[in-house]
Amino acid sequence: MTDFGSGTQATVLVLFTTLVTITLLMCVMAGPDRDDLTNFYTGYLSLTPFKNGLAIAGDYISAATVLSTTGIIALAGYDGYVLAVSTALSLVLLMFLLAEPLRNAGRFTMGDVLARNMPGRAVRIAACVVTLSATVPFLVVQLSGAGSLLTFILGIPHWAGARTASIVIVGSLMIIYAALGGMRGTALLQMIKIVILLGTSVVVAALVLNRFDWSPGEVLRAAQHGSGTGPAFLQQGLQLGTSAGDRLDFIGLQITVVLGVACLPHITMRLYSAKDVPAVRRSMSWAVGTVTTFCLLVIVMGTGAAALVGSRYITAADPQGRTSVLMLSQVLGGDPASAGATILYSAMAGMVFITLLSSVAGMTLAAASSLAHDLFAHAARRGQAEPRTEMTVAAGTSVAVGTVAIGLATLVQHWDVGVLTTLAICIGASAVAPALTYSLFWRGFTRTGLLATLYGGAACALVLMVFSKAVSGTPSAVFPDADFHWFPMQSTGLVSIPFGYLAGWLGSRLDHRRRAADSRESRQLYEESEARLLAAAE
């Protein structure tokens, strides 16, 4: 329960209503015509590099980045710092390795990139399956978190059905944004989100540093004391442990984040809306600068939460620390009855709300676009679907994806679903990243190798995650009272990433050998036929 009175809660509600009204109006005004696929999927390529860069950064910075990373920093110190740095490095990797080739190869979805050199229904279906596998878990996490966070913000955590109502409200809004706004509408939403996010975070970070006379060293010392861990706050191990296996797990998690986050379909989809290669290069420069700045602000805010709020109060409100940034704004505001406290808390609450809305809208659009464009228009209709029909299907699939995500989030709202975020990132690193790098940079990559990479990498990540200690066998697992784990890590990346690359390589090599064998057999049959004809002629 928050410490604010009804006046502050009313201010927050007014702010939420204003944000929803403005963003909905902008989405409707920017929305595409009913038969204009280019506008729906790319927004006519009309965004300037600066605006597109902000939109990419907005899609990249999810509610998990804002809330979970801040909480991990507040509770685990060093481990959270490395996670924030890995998050920024992932976008840098995308900028230097994949952004320009993706812009050249892609049109609307990831399926367009993969099917450019290997067209066929199987490739489109596989691209759609992996897209859904990577986005739906993320959607469930965001919506499930929306329920607990909004009830905390509004001070009504004990009202029966409040979390479910919050999930349904946020989920319904995300469906409207994705179905009506398309790429351009959701881009505007992301730009509004990133401006509010950066502005609010700069103010909060400045207030934290001001409390300690602008001395980072004093902030760190206070954080060590507030965390209750002392010098261990600045050492690896508070999040996953300090044993050799735990250190290996920690390294695997960071590798997975670096390779997987930027390759998620709703991130790469933004690159296709750049006008040309120079535009995508400038867009990525703006995006990397924005994300790096925000990650630095997250480090300051997380450390400030440990110093000013303390881990005991943070974990009492939420064991994963997702409310730490909100609790920090309460402490920085001073007297709950003051105008400054009301404004600061309302601004932070508005930032969290718009981050949740924009994150789920972008993911819903990516999933719906893959269903409509890859599965329906190309796999089912073999590329012969009318634009108006495909647009109608895209709107329908937005509703379908949103409804499924709302239902799943409602069912698991009382679970610790953070493991689904790890699963989505692992699929991105184990299936999407190998498929994209092989497709863009290896001429020997074949359809068999592509299918092996997509299905093999995703299946490996899923199976290992189900039987990992993140799901069962430990007190912090999803099912702490059960123990069916045999994979000793919480992240699958150290095994599933090499498996995804190996599956693609083996599939391609075996495909080449099969084709070579078929060619030799055909040549032998031809020569035998020619010999028989010559013998008959003689």
Before you tell me yes or no, could you show the steps for L440 and L102 under side-chain contact (heavy atoms from CB on, under 4.5 Å), namely the whole-Å CA-CA distance, both residues' side-chain angles and the distance that decides it to 0.1 Å?
CA-CA 8 Å; L440 296 172; L102 277 174; 4.1 Å; yes
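- To the nearest 0.5 angstrom, I72 atom CD1 is 11.0 Å from L67 atom CG.
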Would V123 and L450 satisfy side-chain contact (heavy atoms from CB on, under 4.5 Å), going step by step from the backbone distance to the final call?
CA-CA 8 Å; V123 172; L450 174 60; 3.6 Å; yes
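- Among all heavy-atom pairs drawn from S491 and T256, the shortest one is OG-OG1, 3.4 Å.
- Using a distance-only test at 3.5 Å, with no hydrogens or angles considered, a donor-acceptor pair links the side chain of S90 to the main chain of A262.
- Within the model, atoms CE of M363 and CG of L132 stand 13.5 Å from one another, a figure rounded to the nearest 0.5 Å.
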How far apart are the C-alpha atoms of H378 and D112, what are their side-chain angles, what is the distance that settles it, and do they pass the side-chain hydrogen bond (donor to acceptor under 3.5 Å, both in side chains) test?
CA-CA 10 Å; H378 285 85; D112 290 334; 4.9 Å; no
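- Heavy atoms only, all atoms of each residue included: S472 and A482 are closest at CB-O, 3.5 Å.
- Taking the six-membered ring for Trp and the full ring otherwise, the centers of Y438 and W505 sit at least 6.0 Å from each other.
- Checked by atom type and distance alone, the side chain of S439 never pairs as donor or acceptor with a backbone atom of L436 at under 3.5 Å.
- Side-chain atoms of T69 come within 3.5 Å of backbone N or O of T65 as a donor-acceptor pair.
- Scanning both residues, Y177 and A361, for their nearest heavy atoms gives CB-CB, 3.9 Å.
- Here the OG1 atom belonging to T23 is positioned 6.5 Å from the CG atom belonging to L357, to the nearest 0.5 angstrom.
- Side chain of T268 to backbone of P265: a donor-acceptor contact under 3.5 angstrom is found.
- Considering C426, P137, S496 as possible partners of M465, the one that fulfils the side-chain contact (heavy atoms from CB on, under 4.5 Å) test is C426.
- The CG atom of L420 sits 11.0 Å away from atom CG of L139, with the distance rounded to the nearest 0.5 Å.
- Counting heavy atoms from C-beta on, the side chains of T290 and Y60 never come closer than 4.5 Å.
- Residues I175 and V399 have side chains in contact (heavy-atom distance under 4.5 Å, counting atoms from C-beta outward).
- Panel note: side chain T437, backbone P434; a donor-acceptor pair is recorded below 3.5 Å.
- Side chain of K193 to backbone of G58: a donor-acceptor contact under 3.5 angstrom is found.
- T364 places a side-chain N or O within 3.5 Å of a backbone atom of V360 that can act as its donor or acceptor partner.
- Remark: the backbone N or O of Q239 is paired with a side-chain donor or acceptor of D79 at under 3.5 angstrom.
- Aromatic ring orientation, F138 versus H266: perpendicular (interplanar angle above 60°, classes split at 30° and 60°).
- Between L114 and A127, the shortest heavy-atom contact is CD1-CB, 4.1 Å.
- Using a 4.5 Å heavy-atom threshold, the side chains of F441 and P101 count as touching.
- At a threshold of 4.5 Å between non-hydrogen side-chain atoms, the residues D249 and K469 count as touching.
- For the pair W486 and L464, the minimum side-chain heavy-atom distance is below 4.5 Å.
- The shortest side-chain heavy-atom distance between M269 and L365 falls under the 4.5 Å cut-off.
- Between C460 and F499 the shortest heavy-atom distance is CB-CD2, 3.6 Å.
- Distance alone, capped at 3.5 Å, places no donor-acceptor pair between the R124 side chain and the F376 backbone.
- The two residues V412 and S144 make their nearest non-hydrogen contact at O-OG, 4.0 Å.
- In this structure, I56 and W286 have side chains that are not in contact, with every pair of non-hydrogen atoms separated by 4.5 Å or more.
- At a cut-off of 3.5 Å, with distance as the only test, a side-chain donor of D59 or Q190 sits close to an acceptor on the other residue.
- The number of heavy atoms from other shown groups lying within 6.0 Å of CZ (R381) does not exceed 12.
- Of the candidates V352, V66, I354, V66 is the only one forming a side-chain contact (heavy atoms from CB on, under 4.5 Å) with L197.
- Salt bridge status for D374 with R121: absent, with no side-chain N to carboxylate O gap under 4.0 Å.
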Full working for side-chain contact (heavy atoms from CB on, under 4.5 Å) between S62 and Q142
CA-CA 8 Å; S62 66; Q142 305 284 325; 3.8 Å; yes
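- Side chains of V82 and Q236 form no contact here, defined as non-hydrogen atoms less than 4.5 Å apart.
- Counting only distance, with no hydrogens or angles, the side chain of R281 and the backbone of M95 share no donor-acceptor pair below 3.5 Å.
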Walk me through whether L93 and V258 qualify under side-chain contact (heavy atoms from CB on, under 4.5 Å).
CA-CA 8 Å; L93 181 67; V258 171; 4.2 Å; yes
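- In this structure, CG on L89 lies 11.0 Å from CG on L259, to the nearest 0.5 angstrom.
- Here the straight-line distance linking atom CG of L356 with atom CG of L173 works out to 11.0 Å at 0.5 Å rounding.
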